[in-house]
Engineer: 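Sharing a structure, written as structure tokens. Questions coming.
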Amino acid sequence: METDFIPIDYDHFDFEDRNYIKIFGRNSKNQRICVIDTCPIYLWAIIKDSVSQEKINKLIEKIKDIELDVKGRKTKVEKIEIHEKNFLDKKVRALKIFATNYKDLHDVADRLDFPEIQCRRGYDLGFDTHYIIEKRINPLQWYKISGEVLNNSQNFGGVDSNLDVDFCIKLDSAKKIDNDLGFKPKVMAYDIETDDIKLGEGEILMVSLVTDSFKKVITWKKPKTSEKNLDFLEFVKDEADLIEKFLEYVKKFSPDFLVGYFSDGFDLPYMKMRAEKNNIRLSIGLDSSQPRFSRGFEVTAKTKGIVHVDLLKFIRTAYSQYMQSETLSLNEVAHEFLGDEKKPFKHQHSSKLTDSNWESYFEYNLHDSVLVYGLFEKMWPDILEFSRVMHEPTSEVTRNGMSKNVESFILHNLEKFNEIPEKRPTNEEIGQRRGKEKYEGAFVFEPTHGLYENVAVFDFTSSYGSTIVTYNLSKSTFIDDKKSEKDSYNIEIQGKKVSFSKKPGFFPEMLKEIIEKRKKFKEELNKKPDVIKRARSNAFKLLANASYGYQGFFGARYYSREAAAATAAFAKKSIRDSIEKIDKSGYKVIYSDTDSIAFLIENHTEEQAKKLLEKLNSELPGIMELELEGFFTRGLWVTKRSGTLGAKKKYALLGKDNKLKIRGFETVRRDWCSLARKTQNEVIRMVLQDGNERRALDFIKKVIQDLKQRKIQREEIIIKTMLQKPLAEYKAISPHVIAAQKMQEKEIPIGSGNMIEYFIAETREKKKLVRDKVKLPDEKGEYNIEYYLNKQILPAVENILQVFNINIHEMIDGKKQTKLGDF
DNA sequence: GGTGGCGTTTTACC
DNA sequence: ACAGGTAAAACGCCACC
């Protein structure tokens with residue numbers, strides 16, 4: 001039969017010792033399809049340069065006979081071809097060695113211990129990735145496919161009979177369809193509430209489910225009386241019934257994506273443990289399989305056919321660096337993306353809940369799923385485009401970090417360069433790489449403090465990415481000491497010359513394409529905006545920005561410390577050259593950090609500044625390009641707390657649209673109390689809008705008065721700090737460590753990653769250390785006026801006032817009150 | 001017993 | 001342990017006068 005088809009999830013199985021792929025997906029009639037297919041299984045053996053053809057022929061004869069028996073599975077070398085390939089941009093002759101089973105390629109490689117072979121590659125990609133590369137049947141793209149429908153057939157050991165799909169096809173052919181047939185995924189958001197946050201140790205009290213067609217809370221906790229008519233409730237007998245009911249709904253609705261928040265680390269493993277306790281098989285998968293958990297650095301919880309997505313992980317890699325939220329809690333994230341929040345509910349043990357508490361609890365639980373559902377809808381275009389661009393299934397791209405995504409992109413695009421894939425580093429190699437000395441990074445210009453008028457800002461588009469492309473910087477283009485090439489890009493790093501070939505390498509070439517595509521999609525987006533274009537443009541932007549970090553990341557297949565160090569060095573040179581040229585053109589540069597330059601317009605016009613930009617661009621090498629970040633009405637730079645040197649990474653700009661851009665100030669730091677942050681924010685706004693300090697001074701005066709009269713609310717003085725490691729590992733006992741210890745005494749479970757909240761209180765005896773005055777937010781006590789004045793409010797504003805030659809301390813002490821009146 | 005330098009820690013910038 | 005280096009700042013600790 002023939003049908004259109006969009007792949008959603010990939011799995012594999014063995015039949016008669018061979019590997020087969022199972023692709024779960026849908027057609028445009030929204031039927032669920034499983035496609036079964038296979039592909040050639042092989043690895044590469046790269047032959048040393050000097051080996052003669054005759055010797056290669058003999059080698060082939062020897063390799064042909066390799067047969068293995070791995071745990072009862074028989075694998076043998078089935079065919080050998082010789083190919084002209086590239087490996088790390090060098091022409092090589094390589095044997096393509098076909099074998100029976102992908103899982104045994106490692107053992108086959110171990111047997112290829114011949115002196116003629118330089119190295120063996122291409123057996124550590126994972127079968128699903130290998131298949132996608134071989135057959136080019138990419139996730140979430142439309143295909144026209146044809147093949148034989150399997151209906152309880154004995155083919156492949158009857159694999160189709162236990163699949164919960166409309167039909168199962170043994171693939172004959174697949175052809176990509178260029179136009180998008182449209183795909184609206186079926187989505188189910190879920191969330192559980194339990195009596196103990198330790199995995200599996202309490203009972204699951206309720207689970208909420210939200211889809212486009214129903215909202216539900218399943219619970220076995222039925223209040224005796226009810227005040228509200230909560231029609232979303234469905235009561236079951238006990239926890240076991242709850243789990244069965246959950247499974248029943250998942251099966252009946254059969255979503256493409258089952259979505260939670262921190263559900264890899266909580267909801268799904270919890271559910272699995274409680275299912276085990278109740279002797280229930282948690283058979284969520286379309287093949288009735290249970291969720292699979294992997295314990296790496298972080299837990300993952302994957303399901304088959306119905307894809308489990310933990311939105312928290314995707315948000316962390318794809319959005320967090322551009323977000324305003326200070327934490328990635330569901331509450332804050334929902335607030336930022338949806339303008340909605342969690343429902344109020346104070347968690348306590350279920351035995352202490354009243355009937356009306358229970359009703360709030362149900363509403364709270366349901367709303368969490370409503371938020372998760374809303375977030376998934378909002379993020380779907382990005383998830384979709386990530387899968388399409390990286391050519392990896394959604395279950396991968398939503399969990400992987402950007403370095404892994406960069407690597408996926410590379411592996412799926414190597415064929416264009418006829419490249420054999422590099423292997424993953426061994427643990428030993430990773431250790432060596434991590435032990436390497438750090439190299440010098442970006443340049444930061446030391447500003448002179450002051451309030452400036454009419455500031456222009458230029459910045460380099462994808463600075464490091466463009467640098468990598470322009471100077472051809474990568475592992476494979478690096479020329480080490482022994483060899484020397486005349487035509488090379490050279491730069492000095494820590495007193496040593498490093499060189500890179502001018503012959504374009506595959507990594508910079510790939511990156512060039514990424515940057516070009518990003519530019520193209522951005523232009524298209526500006527012409528006619530739509531969510532998919534925006535998502536695609538964004539995916540390429542993130543790829544371009546992560547590629548520098550990738551080459552410097554110790555876990556990367558294409559790791560190159562030299563390339564990373566050279567990227568930083570060349571970029572530094574570029575920005576220094578540009579600063580010099582701007583200065584020489586008669587402008588005064590006041591600040592610069594890594595890839596941006598701020599300078600004063602003064603007696604020039606904005607038109608002239610734009611002309612300067614054009615001139616600079618015409619002189620920049622390769623694809624290096626400066627763009628106008630904006631013209632600003634005013635800009636504020638301050639000194640460091642100690643000394644008179646200008647503070648780096650700390651400034652505020654007021655845009656023509658009256659929008660503030662504040663960087664580095666306490667305003668944007670979450671480890672300062674909100675009173676200090678709000679005060680500073682207002683002061684900055686007033687100073688930038690007015691061009692003088694008068695209104696700001698009155699404002700500060702009022703805040704200090706309120707503070708001294710104890711009018712400040714508790715929440716305004718709370719200081720929040722993240723615990724970065726287990727409590728016991730702290731050498732220095734700072735205030736937040738004391739607060740954490742207090743929480744522990746109260747049996748509030750805390751650990752690495754928890755947010756610690758506290759305030760500084762008055763104490764009866766005079767104590768010197770701040771940590772002796774720490775109290776938890778719900779403890780009784782009055783805030784310490786002296787601390788909040790001298791350690792929060794005044795430090796937050798003193799540097800700003802210093803710009804106007806005002807010493808706030810002297811003013812408060814009443815020494816120089818002529819200007820101020822009574823403080 | 002105050003002070004200044006340094007190590008530890010957190011958070012921001014790009 | 002899952003991209004990198006640069007930088008500010010607070011607090012505690014300890015040597016030193």
Side-chain angles (χ1 to χ4, degrees), chain A residues 295-298 300 313 316-317 321-322 326-327 399-407 424-425 427 430-431 433-434 436-447 459-460 462-465 542-556 558-559 561 563-565 567-569 571-572 575 591-597 629 638-643 645-651 661-672 719-725 729-738 755-756 760 768-774 787 790-792 795-796 799:
Chain A
R295 277 213 157 269
F297 168 64
E298 266 187 326
T300 62
K313 283 187 177 157
R316 200 159 52 200
T317 50
Q321 68 178 125
Y322 304 102
E326 283 168 18
T327 67
R399 288 182 173 83
N400 294 340
M402 270 322 284
S403 83
K404 193 79 199 297
N405 285 329
V406 170
E407 195 154 278
R424 274 201 302 259
N427 283 339
I430 289 177
R433 293 172 180 189
R434 297 190 65 191
K436 282 191 185 173
E437 218 182 314
K438 283 191 173 183
Y439 57 86
E440 218 175 278
F443 165 69
V444 190
F445 188 103
E446 193 198 301
D459 58 19
F460 280 101
S462 291
S463 169
Y464 282 170
L542 290 174
L543 267 182
N545 289 347
S547 57
Y548 158 69
Y550 173 79
Q551 296 204 94
F553 168 51
F554 52 74
Y558 295 100
Y559 169 83
R561 184 182 174 276
T567 306
K572 197 176 199 168
I575 199 144
Y591 186 63
S592 164
D593 183 352
T594 313
D595 61 353
S596 70
I597 306 169
E629 152 80 18
V638 298
T639 62
K640 287 202 271 186
R641 202 76 83 215
S642 54
L645 290 180
K648 298 171 177 180
K649 298 189 185 285
K650 231 178 157 178
Y651 62 89
K661 184 177 174 180
I662 299 180
R663 293 291 119 99
F665 276 107
E666 284 74 8
T667 299
V668 299
R669 292 185 62 95
R670 65 176 181 200
D671 55 348
W672 282 65
I719 297 165
K720 296 176 188 174
T721 312
M722 177 101 83
L723 212 58
Q724 299 280 23
K725 52 188 174 190
E729 284 176 27
Y730 280 90
K731 284 185 222 161
I733 309 303
S734 51
H736 84 288
V737 176
I738 295 288
M755 194 59 79
I756 307 299
I760 304 303
K768 226 181 108 183
L769 297 179
V770 177
R771 69 175 179 203
D772 294 327
K773 303 170 198 168
V774 166
Y787 174 83
N790 290 322
K791 296 291 174 183
Q792 295 276 328
N799 290 349

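Just so it is clear: chains get the letters A, B, ... in the order the sequence lines come, proteins before strands, and each one is counted from 1.
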Engineer: So, is A/Y322 near the phosphate of B/dC13, with a side-chain N or O under 4.0 Å from OP1 or OP2?
Structural biologist: no

Engineer: Do A/E666 and A/K650 sit within salt-bridge range, that is, some charged N less than 4.0 Å from a carboxylate O?
Structural biologist: yes

Engineer: Rounded to whole angstroms, how far apart are CD on A/Q321 and P on B/dC14?
Structural biologist: 12 Å

Engineer: For the aromatic rings, using the six-membered ring if either is Trp, is the centroid distance between A/Y559 and A/F553 under 6.0 Å?
Structural biologist: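 Centroid distance A/Y559-A/F553: not below 6.0 Å, so no.
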
Engineer: Give a yes/no answer on whether the side chain of A/K649 brings an N or O atom under 4.0 Å of OP1 or OP2 in B/dC13.
Structural biologist: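 For A/K649, the contact criterion (side-chain N or O under 4.0 Å from OP1 or OP2 of B/dC13) is not met.
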
Engineer: From C-beta outward on A/R663, which listed nucleotide comes closest to its side chain: C/dG12, C/dG4, B/dC13?
Structural biologist: B/dC13

Engineer: Answer yes or no for A/K648 and A/F445: cation-pi contact, defined as NZ/CZ to six-membered ring centre under 6.0 Å and angle to ring axis within 45°.
Structural biologist: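 Ring-cation test returns no.
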
Engineer: Please work out if A/G664 contacts a base, only the sugar-phosphate, or nothing of the nucleic acid, heavy-atom cut-off 4.0 Å.
Structural biologist: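 Sugar-phosphate only.
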
Engineer: Quick check for you: among B/dC14, B/dT10, C/dG12, whose closest atom lies nearest to any side-chain atom of A/L769?
Structural biologist: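 Shortest atom-to-atom distance from the side chain points to C/dG12.
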
Engineer: A/Q551 near the nucleic acid: base, sugar-phosphate alone, or nothing, with a heavy-atom cut-off under 4.0 Å?
Structural biologist: nothing

Engineer: Looking only at side-chain atoms of A/F553, point me to the closest of B/dT10, B/dC13, C/dC2.
Structural biologist: C/dC2

Engineer: Please give the distance between the P atoms of C/dC2 and B/dT10 as a whole number of Å.
Structural biologist: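 The same atom, P, in both gives a distance of 16 Å.
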
Engineer: Does A/Q792 place a side-chain N or O at less than 4.0 Å from the phosphate oxygens OP1/OP2 of C/dA10?
Structural biologist: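 Answer no for this pair, as no side-chain N or O of A/Q792 is under 4.0 Å from OP1 or OP2.
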
Engineer: Mind calculating the distance between NZ (A/K791) and P (C/dC11) to the nearest angstrom?
Structural biologist: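 It works out to 5 Å between those atoms.
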
Engineer: Roughly how many Å is it from NZ in A/K650 to P in B/dA12, rounded to a whole number?
Structural biologist: 13 Å

Engineer: A/K648 NZ to B/dC14 P: how many Å, rounded?
Structural biologist: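 The answer, rounded to whole Å, is 14 Å.
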
Engineer: Please determine whether a side-chain nitrogen of the Lys or Arg among A/D671 and A/K720 lies less than 4.0 Å from a carboxylate oxygen of the Asp or Glu.
Structural biologist: no

Engineer: Separation of A/W672 atom CH2 from B/dA12 atom P, in whole Å?
Structural biologist: 13 Å

Engineer: Would you indicate whether the side-chain heavy atoms of A/V406 and A/Y558 approach each other to under 4.5 Å?
Structural biologist: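 They are not in side-chain contact.
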
Engineer: Mind calculating the distance between NE2 (A/H736) and C1' (B/dT8) to the nearest angstrom?
Structural biologist: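 These atoms are roughly 10 Å apart.
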
Engineer: Answer with yes or no whether A/R669 presents, from its side chain, a donor or acceptor under 3.5 Å of a partner atom in the base of B/dT11.
Structural biologist: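 For A/R669, whose side chain was compared with the base of B/dT11, there is a donor-acceptor pair (under 3.5 Å).
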
Engineer: Give a yes/no on whether any side-chain N or O of A/Y558 is located under 4.0 angstrom from OP1 or OP2 of C/dA3.
Structural biologist: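 No.
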
Engineer: A/P735 side chain: which of B/dC14, C/dA8, C/dG12 is closest?
Structural biologist: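 Between B/dC14, C/dA8, C/dG12, the one nearest the side chain of A/P735 would be C/dG12.
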
Engineer: Side-chain N or O of A/S403 versus OP1/OP2 of C/dA3: is the shortest distance under 4.0 Å?
Structural biologist: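 So the side chain of A/S403 is within the cut-off, an N or O lying under 4.0 Å from OP1 or OP2 of C/dA3.
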
Engineer: Students often get this wrong, so: under 4.0 angstrom with heavy atoms, is A/Y651 touching a base, only sugar-phosphate, or nothing?
Structural biologist: sugar-phosphate

Engineer: Quick one: is A/K725 getting a side-chain N or O under 4.0 Å of the B/dT9 phosphate, OP1 or OP2?
Structural biologist: yes

Engineer: In whole Å, what is the span from the CG atom of A/N799 to the P atom of C/dA9?
Structural biologist: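 For the pair A/N799 CG and C/dA9 P, the rounded distance is 7 Å.
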
Engineer: Look at the side chain of A/Y439 and decide which nucleotide, out of C/dG5, C/dT6, B/dT11, has an atom nearest to it.
Structural biologist: C/dG5

Engineer: To the nearest angstrom, how far is A/E440 atom CD from C/dA7 atom C1'?
Structural biologist: 14 Å

Engineer: B/dT8 phosphate, OP1 or OP2: any side-chain N/O from A/K731 under 4.0 angstrom?
Structural biologist: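 Yes.
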
Engineer: Between A/E407 and A/R424 (salt bridge meaning N to carboxylate O under 4.0 Å), is one present in this structure?
Structural biologist: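 No, no charged N to carboxylate O under 4.0 Å.
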
Engineer: Does A/R641 place a side-chain N or O at less than 4.0 Å from the phosphate oxygens OP1/OP2 of C/dA8?
Structural biologist: no

Engineer: Contact class for A/Y464 vs. all strands (heavy atom < 4.0 Å): base, sugar-phosphate, or nothing?
Structural biologist: nothing

Engineer: Measuring to OP1 and OP2 of C/dC13, would you say a side-chain N or O of A/R771 lies under 4.0 angstrom away?
Structural biologist: yes

Engineer: Take A/P795 and A/A442, find for each the nucleotide of DNA chain C with the closest heavy atom, and name the residue whose nucleotide sits nearer the 5' end.
Structural biologist: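 Result of the comparison: A/A442.
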
Engineer: Describe the nucleic acid contact of A/I733 in one word from base, sugar-phosphate, nothing, applying a heavy-atom distance below 4.0 Å.
Structural biologist: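 Contact class for A/I733: sugar-phosphate only.
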
Engineer: Does some side-chain heavy atom of A/R399 sit less than 4.5 Å from a side-chain heavy atom of A/T317?
Structural biologist: no

Engineer: Looking across every strand, which nucleic acid part, if any, lies under 4.0 Å from A/Y787 by heavy atom: base, sugar-phosphate, or nothing?
Structural biologist: sugar-phosphate

